[in-house]
Amino acid sequence: MTLELKDVSLRFGADTHIYPTSLTLDPGSFNILLGTTLAGKTTLMKLMAGLEKPTRGEVWFSGKNVTGVSVRSRNVSMVYQQFINYPNLTVYENIASPLRVARVSEAEIKKKVQSLAELLKLSPMLQRRPGELSGGQQQRTALARALIKDSDLVLLDEPLANLDFKLREELRDELPRLFADRDCIVVYATTEPTEALLFGGNTACLHQGRIAQFGPTGEIYRAPKDLVSAQVFSDPPINTVAVTKRGGEFRLADMATWAATGDFANIADGDYTLGVRPHHVSPLASGDNPVGVDGKVLVAELSGSESIIHFTMHGATWVSQSHGIHPFEVGSQAKLYADMSRAMLFDMDGRRVAA
Amino acid sequence: MNNKTINHAAWIFVLPVVALVAFNAIIPLMTVVNYSVQETFGDNTFFWAGVIWFEEVLHSTRFHDALLRQLTFTFTILAIEVPLGVAIALAMPRKGPWVSVCLVTMALPLLIPWNVVGAMWNIFALPDIGLLGRGLNVLGFDYNFTRQPGDAWFTLIVMDVWHWTSLVVLLAYAGLVSIPDAYYQAAKIDGAGSFAIFRFIQLPKLKRVLTIAVLLRFMDSFMIYTEPFVLTGGGPGNSTTLLSIDLVKIALGQFDLGPAAAMSLIYFLIILLLSWIFYTLMMRSEAQ
């Protein structure tokens with residue numbers, strides 16, 4: 001039950017939506033497609049489902065070539081960002097609909113619907129219509145519809161994006177449990193790096209129709225292969241600036257210099273792009289190798305326990321995300337400290353070097 | 001505590017609307033009410049008549065017949081135009097260059113003035129020279145809409161279907177286009193066929209626009225005057241004399257202002273009542 005994309009690409013006329021992509025997803029795995037809007041997440045899912053036929057390349061499932069096989073004859077289910085249910089059927093009938101099409105017996109349908117409704121807390125609403133439910137309940141109904149037919153492939157296309165914060169957290173907690181004892185392949189598209197980190201599993205970083213990197217979620221977050229992966233997997237965006245290494249020392253224009261320590265000590269002299277995650281930039285000198293940089297404050301957002309400061313620094317816009325309340329006046333000059341021991345270094349082609 | 005701002009100058013801004021509605025609706029309507037309760041003589045002298053005109057109209061066979069013809073006409077064209085309009089909208093392409101071609105073609109009949117439509121179909125259906133009339137006769141049908149009531153009705157209904165189905169098509173098409181793609185994909189994934197998609201996705205989603213379409217077509221067809229007047233003039237005999245045609249005959253042909261005014265008001269109330277019933281029923285089924 002492995003899903004394999006072999007050099008799959010999709011073009012409409014002169015527009016390339018998906019560049020040749022190869023990906024292998026194992027049974028029972030939870031896979032996250034992480035990328036901004038228009039990165040190609042939905043399109044890639046449609047290719048996996050068979051809703052879209054690839055221009056080139058092949059889709060294999062369980063060792064069989066299923067390229068061009070209609071979605072009707074595949075065992076796939078999908079949940080969308082919008083809450084898609086049959087508007088004039090009751091919740092019960094909505095959940096039962098895939099089984100009705102498959103001509104499953106009434107007793108069997110009843111048993112399955114009831115156990116799923118129990119699991120998704122829909123039991124009291126089975127006789128209502130989707131229009132009478134809250135957003136969260138509507139999406140649960142859609143989820144139940146996707147789960148009831150024991151699909152081999154379950155595609156979740158930003159299913160929590162249209163829910164308010166509290167419902168989103170609730171459903172996010174439940175999701176992994178729903179799939180815990182199934183051996184289907186789950187693919188979950190999201191724009192939020194935090195969501196990917198919470199789910200774990202594997203992540204594919206998608207950027208402009210290409211998969212920048214695919215692997216275990218935590219690994220990709222800690223050790224992105226290149227600048228694109230690091231950028232996709234960072235919210236707020238990762239801070240970057242051009243630096244030069246000469247001798248045992250890094251230089252950021254004429255603003256700051258610091259010693260190349262640890263893994264950085266061994267890399268060749270030359271020009272690099274420095275990447276520092278926002279939570280490693282702070283108004284206070286902290287960490288193993290804090291280096292002060294000067295900037296002009298653009299935005300200062302103080303939430304209850306966190307300060308987010310946007311500032312321009314040597315032509316780039318940087319973000320600092322730190323604990324505690326650090327008031328800054330917009331437009332003022334500020335000194336902030338980047339912990340260079342946690343920084344990442346990319347060569348001129350965007351590939352990550354060392355640490 | 002009452003902290004509403006009171007500003008009487010605001011009334012001034014409402015005045016234009018009041019004036020417009022008064023000229024548009026209230027004054028003409030009250031004129032009709034005025035006529036309907038009086039006996040009018042040629043030199044503009046009036047005598048109070050009470051409700052006798054209303055009684056006369058409501059008890060006259062002539063009114064009953066016209067009303068029956070009117071209801072037959074309206075429900076026949078609704079029964080044809082609504083399903084046909086939905087079917088055409090379903091068959092129209094959703095994207096690509098053909099969309100604008102189809103939309104413009106569909107909108108064309110709606111742009112033709114009503115009396116032109118009537119005149120066009122009159123000539124088109126003439127049994128001796130018209131393409132339709134002559135054609136039918138050549139094919140062996142004994143067709144003559146100026147002599148045979150059945151043929152007159154047939155022509156009248158085909159003309160209205162030709163003229164107004166487009167309105168239902170455009171409304172239904174707008175409704176169909178607004179259904180997100182994801183619904184169709186979800187149905188495909190479920191393995192639903194095209195009838196199931198129509199029955200469980202498209203039809204429920206079209207309910208609102210179809211309510212509007214039925215209401216508009218109902219009101220318009222109930223008030224229809226120009227086209228049948230130009231096409232058949234209400235004939236042969238009285239066979240296609242719909243309410244509005246009869247009304248004009250009474251008011252302007254016989255100059256019976258009292259009965260005509262009473263009939264106008266009854267006519268108006270029937271439309272209002274039926275529209276209200278339609279709307280309420282449809283909204284109620286929506287709520288369920």
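Residue numbers begin at 1 in each chain, while the letters A, B, ... track the order of the sequences.
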Out of [options], which one racks up the most heavy-atom pairs below 4.5 Å with chain B?
options: A:V76, A:N88, A:L99; result: A:N88
options: A:N85, A:T42, A:N75; result: A:N85
options: A:D157, A:V79, A:L89; result: A:L89

Atom [atom1] of residue position [X] - does it have more than 12 heavy atoms of other residues, nucleotides or ligands inside 6.0 Å?
X: B:Y279; atom1: OH; answer: no
X: B:R94; atom1: CZ; answer: yes
X: A:K112; atom1: NZ; answer: yes
X: B:L203; atom1: CG; answer: yes

Heavy-atom contact with chain B under 4.5 Å, split by part of A:R145: side chain

Interface moiety of A:I84 toward chain B, non-hydrogen atoms closer than 4.5 Å: both

Considering all heavy atoms, the nearest B:Y183-A:F83 contact: OH-O, 3.7 Å

For the student: nearest non-hydrogen atoms of A:Q82 and B:A182, plus distance: OE1-CB, 4.1 Å

Is there a side-chain contact between [X] and [Y] (heavy atoms, below 4.5 Å)?
X: B:D190; Y: A:M78; result: no
X: A:Y80; Y: B:Q185; result: yes
X: A:L155; Y: B:I189; result: no

Toward chain A, the part of B:A196 with a non-hydrogen atom under 4.5 Å: neither

